[in-house]
Amino acid sequence: MKKQIFVVGAVITENGKILCAQRGTSKSLPLKWEFPGGKIEKGESPQEALHREISEEMHCKIEIGEQIEYTAYEYDFGIVHLTTFRCKLIEGQPTLTEHVAIKWLPPAELSSLDWAPADIPTIEKLIIKSLVNESK
């Protein structure tokens, strides 16, 4: 049976743009784009894990809002269970520590990046929501 990996991702928005982070070359899924976050440790809630991961990885603080998506995606190394949450920065600016690049993109441009497969359902939801909002 494949390893089950439970992770969280922060969809951090600021001025109508969303933070995208590029994985390092030494990580699994090298140079793929993702929403920053990481593994949920034993005894942590998804929100606690997200606060901790963003503080450790990006050296900033976020406010966590509603859940956007839950996806289970089977990679060769295991099954990743990704839960993404809408977030906003409340202190500091994202700093590169684990990622090689970050970009702030409007929802309509998210699909221009080469995303990790588990993140794609969240991206599709964000793009659809932005198109619905534009048509109002």
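Source: prediction; values computed, not measured. Residue numbers count from 1 along this sequence.
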Check the pair Val80 / Thr71 against side chain to side chain contact (heavy atoms under 4.5 Å, CB included), numbers first and verdict last. CA-CA 8 Å; Val80 169; Thr71 306; over 6 Å; no
With ring pair (Phe, Tyr, Trp, His ring centres under 6.0 Å) as the rule and sequence neighbours excluded, what pairs involving residues 2-24 come up? Phe6-His81
Any idea which heavy atoms bring [X] and [Y] closest together, and the distance?
| X | Y | answer |
| --- | --- | --- |
| Ala118 | Pro121 | O-CD, 3.5 Å |
| Ala49 | Glu44 | CB-OE1, 3.3 Å |
| Phe35 | Leu19 | CD2-O, 3.9 Å |
| Cys87 | Ile62 | SG-CD1, 3.8 Å |

Assess whether atom NZ of Lys39 is packed by more than 12 heavy atoms of other residues, nucleotides or ligands within 6.0 Å. no
Got a salt bridge between Arg52 and Glu56, using NZ or NE/NH1/NH2 to carboxylate O under 4.0 Å? yes
Provide the full list of side chain to side chain donor-acceptor pair (under 3.5 Å) pairs with a residue in residues 115-124, sequence neighbours left out, each pair given once. Thr84-Thr122
Can you confirm whether [X] sits close enough to [Y] that some side-chain heavy atom of one is under 4.5 Å from a side-chain heavy atom of the other?
| X | Y | answer |
| --- | --- | --- |
| Leu113 | Leu105 | yes |
| Phe85 | Leu50 | yes |
| Leu89 | Pro94 | yes |
| Ile102 | Cys20 | no |
| Lys61 | Ile54 | no |
| Ile64 | His51 | yes |
| Leu126 | Ile18 | yes |

At what distance, to the nearest 0.5 angstrom, does [atom1] of [X] lie from [atom2] of [Y]?
| X | Y | atom1 | atom2 | value |
| --- | --- | --- | --- | --- |
| Ile5 | Ile79 | CD1 | CD1 | 9.0 Å |
| Ile68 | Ile123 | CD1 | CD1 | 10.5 Å |
| Lys17 | Ile12 | NZ | CD1 | 15.5 Å |

Sorted by first residue and then second, give each salt bridge (charged side-chain N to carboxylate O under 4.0 Å, His left out) pair with at least one member in residues 76-87; sequence neighbours left out. Glu66-Arg86
Under the salt bridge (charged side-chain N to carboxylate O under 4.0 Å, His left out) definition, can you give me all pairs with a residue in residues 103-117, not counting sequence neighbours? Lys32-Asp114
Mind checking what makes side-chain contact (heavy atoms from CB on, under 4.5 Å) contact with [X], not counting sequence neighbours?
| X | answer |
| --- | --- |
| Ser26 | none |
| Ser28 | Arg23, Phe77 |
| His99 | Ala21, Glu34, Pro36, Glu57, Met58, Leu96 |

Ser45 side chain to Glu48 backbone, donor-acceptor under 3.5 Å: yes
In chain order, what residues pass the ring-ring contact (aromatic ring centres under 6.0 Å, His included) check against Tyr73, with sequence neighbours excluded? Tyr75
Mind checking what makes ring-ring contact (aromatic ring centres under 6.0 Å, His included) contact with Trp33, not counting sequence neighbours? none
Under 4.5 Å between side-chain heavy atoms, chaining through other members, with only Ile, Leu, Val, Met, Phe, Trp and Tyr counted: pull out the rest of the cluster around Met1, sorted by chain and number. none
Other hydrophobic cluster members with Val100, side-chain heavy atoms of Ile/Leu/Val/Met/Phe/Trp/Tyr under 4.5 Å, chained? Leu31
Sequence-distant partners of Glu14, side chain to side chain donor-acceptor pair (under 3.5 Å), two or more places apart: none
